[in-house]
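Contents: one structure, followed by commentary.
Ligands are counted one by one from 1 in listed order, and the atoms in each one are counted from 1 as well.
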Amino acid sequence: MITGPITSFDQYLRRVPKVELHCHFEGTVRASTFAELARKHGTRLPTEDVGRLYDYGTIYQFLEIFALVSSTLIDREDFARTAYESLADGAELGNLRYREMFFNPTLHTRRGVPMATCVEGLVEGIRAAEADYGVQCRLIADIYRQDDPQTALAMVDEVLACRAPEVIGLGMDGAEAPDPPEKFKDAFARARRGGLRLTSHAAEDGPAANVLTCLDELGCERVDHGYHVLASPAAVARCRDEGVFFTCCPTSTSVVYGWPELSAHPIRAMVEAGLRVTLNSDDPTMFATDIGEEYARMCPAMGAGPQEVRRLVLTGVEAAWLGGPERAALRAELEAELDRLDEQLAGLPGAPA
Ligand SMILES: [Zn+2]
């Protein structure tokens, strides 16, 4: 755990308490654990070099590795261990305090892993991490866009049937361009009737219109990524006026979509356009990052000082699917910690104000 007084703005950014709403469980598995689980289950890996397991250049290559990692998660203890490590990493590397974490049920159930094994394992790991690190976590079941609509509907039914209190939402991911959001309208409607909260990846590698489809036809309450909304001034104006939350991910998208200069990343323009943005790590181990690193890279690149950093953190609290008293408690805790850190930062020579 990171402790002691801060000595730089970089340390401040890593130490700021964080909420994360866009992080895929299967994309948080440590490469070393992936290699161990592959050995345990007799899975062939593309390389023996653990340091090169997560090498790829396009979203399609990335999705292949993502599926390979998923294929090594079989027993309840595999899910429990990796969920625990995922949250331990968030807490230790970036002072993560609350996460709503995606998982892709059909990546597991289609290989014959029962939904209950997956969910119960995740919940076991989440509860153990909360006990050891104080980090809270809830789960969002993601539709995989390359599945067909019937598979997605059946997945939603299964999630509703074996629902732990930690499972609170439905989301959607996978390659966006070939499979537009309206394909899964029925699955979202069923999830909403079942009491799940709704979000979706949109305008990531698809057009701005997908954001509006997610809001209007799927009933989404948040948008994951959303960068191409900038291509439509009307969509930007609407999202700003309605206060739509966008969960953005600097590093993964800079790699996959070719925005290597974070100062030119659309996140900056989204913030400047008045959109409500949160920073997130997406698939941290697969992109050699963590939630602390995301703040440390993105905030200086967008010229964010402590006030803007505070706003990013607290926007995460507002966008979280927490009940009123839980949200108020988390906000108070984070604000008190931010006050202490701001005081330390103000005492450092040359620190941004
Ligand atoms: Zn994502």
Indicate the ring-plane relationship of Y56 and F287, choosing parallel, tilted or perpendicular according to the 30° and 60° boundaries.
perpendicular
Are R127 and E130 within salt-bridge range, i.e. N to O under 4.0 Å?
no
Charged N-O contact under 4.0 Å between R190 and D157:
yes
Could you tabulate the donor-acceptor pairs under 3.5 Å formed by side-chain atoms of residues 257-264, not counting sequence neighbours?
residue	atom	partner	partner atom	Å
Y257	OH	E204	OE2	3.0

Atoms of protein origin (N, O or S) under 2.8 Å from the Zn ion (ligand 1):
H22 NE2, H24 NE2, H201 NE2, D282 OD1
Side-chain ion pair, D339 and R310, N-O less than 4.0 Å:
yes
Test side-chain hydrogen bond (donor to acceptor under 3.5 Å, both in side chains) applied to H22 and T247, D283, N280, the passing residue
T247
